[in-house]
Amino acid sequence: MKFYSLYKKVTIQPGDTLMYYTGVSEKWNDPEVFVTEYPGLDGEATDWILDQGVVNVCTDAISTDNPADITYPNHTRHGERLVVHTELIANMNKIPVHRFQFLMTPLRLVGGTGCPVRALALWE
């Protein structure tokens, strides 16, 4: 399967982390807009992405789900498949390449369903 961005053709490969930039991070100083006006993934999109073998879906938004859909299809499908998703990735729009190394260092919390992480993008 091919993924087409605005800039160039990108192939999603098994084991990839997929980052999708919504632009809502630019609205950080407007809390109401920041938490309510961003595109999320519906169940069909999530299934397609996970079927490609993606191991993490990242976004700059507060959630990977559409804020209008209270069934949380993205969270549900990720939970069913035990696949990570990462929200509130800062400076995603400053990564200048489509292929890079992504490192994530989570806190070791016991009994939680999520935690803060330090996310790093490395490229040549």
field: Partner set under ring pair (Phe, Tyr, Trp, His ring centres under 6.0 Å) for W28, not counting sequence neighbours
entry: F34
message: Please tell me whether L107 and V84 are part of a single hydrophobic cluster in this structure, the criterion being side-chain heavy atoms less than 4.5 Å apart.
response: no
message: Tell me every residue that passes side-chain hydrogen bond (donor to acceptor under 3.5 Å, both in side chains) with T71, counting only those two or more places apart in sequence or in another chain.
response: D69
- prompt: Applying the 4.5 Å side-chain criterion to the ILVMFWY set and letting contacts propagate, would V24 and L88 be lumped into a single cluster?
  reply: yes
- prompt: What's the verdict on side-chain contact (heavy atoms from CB on, under 4.5 Å) for M19 and F102, showing C-alpha distance, side-chain angles and the deciding distance?
  reply: CA-CA 10 Å; M19 293 189 165; F102 179 69; 3.1 Å; yes
- line: Students should find that the hydrophobic cluster of L50, defined by side-chain heavy atoms under 4.5 Å apart, otherwise consists of V83
query: Can you list every pair that meets salt bridge (Lys or Arg N to Asp or Glu O under 4.0 Å) and has a residue in residues 10-36, with sequence neighbours left out?
result: D16-R99
- request: Using side-chain hydrogen bond (donor to acceptor under 3.5 Å, both in side chains) as the criterion, list what pairs up with R108, not counting sequence neighbours.
  value: none
side-chain contact (heavy atoms from CB on, under 4.5 Å) between W48 and Q52, intermediate numbers included: CA-CA 7 Å; W48 184 87; Q52 307 314 301; 3.4 Å; yes
message: Using 0.5 Å steps for rounding, measure from the CD1 atom of I95 to the CH2 atom of W123.
response: 6.0 Å
field: Results of side chain to side chain contact (heavy atoms under 4.5 Å, CB included) for P67 - residues two or more places apart only
entry: Y38
- prompt: Between T17 and C58, is any pair of side-chain heavy atoms under 4.5 Å apart?
  reply: yes
task: Just jot down the side-chain hydrogen bond (donor to acceptor under 3.5 Å, both in side chains) partners of D51, sequence neighbours excluded, or say none.
output: R81
query: Between the side chain of N91 and the main-chain N/O of K94, is any donor-acceptor distance below 3.5 Å?
result: no
All pairs passing side chain to side chain donor-acceptor pair (under 3.5 Å) where residues 55-66 contributes a residue, at least two apart: T22-D60, S25-D60, N56-T86, T64-N74, D65-H75
query: Does one hydrophobic cluster hold both L41 and I12, with members joined at side-chain heavy-atom distances below 4.5 Å?
result: yes
query: Stepwise, does the side-chain contact (heavy atoms from CB on, under 4.5 Å) test hold for T46 with H78?
result: CA-CA 8 Å; T46 299; H78 277 251; 3.7 Å; yes
field: Any pair counted as salt bridge (Lys or Arg N to Asp or Glu O under 4.0 Å), so long as it reaches residues 109-124, sequence neighbours left out
entry: none
- request: Linking directly or through intermediates, with side-chain heavy atoms under 4.5 Å: list the remaining ILVMFWY members grouped with L122, chain and number order.
  value: L103, L120
field: Heavy-atom check, side chain of D47 versus side chain of E44, under 4.5 Å
entry: no
task: Could you tell me which residues satisfy side chain to side chain contact (heavy atoms under 4.5 Å, CB included) with E80, sequence neighbours excluded, listed by chain and number?
output: T76, R77
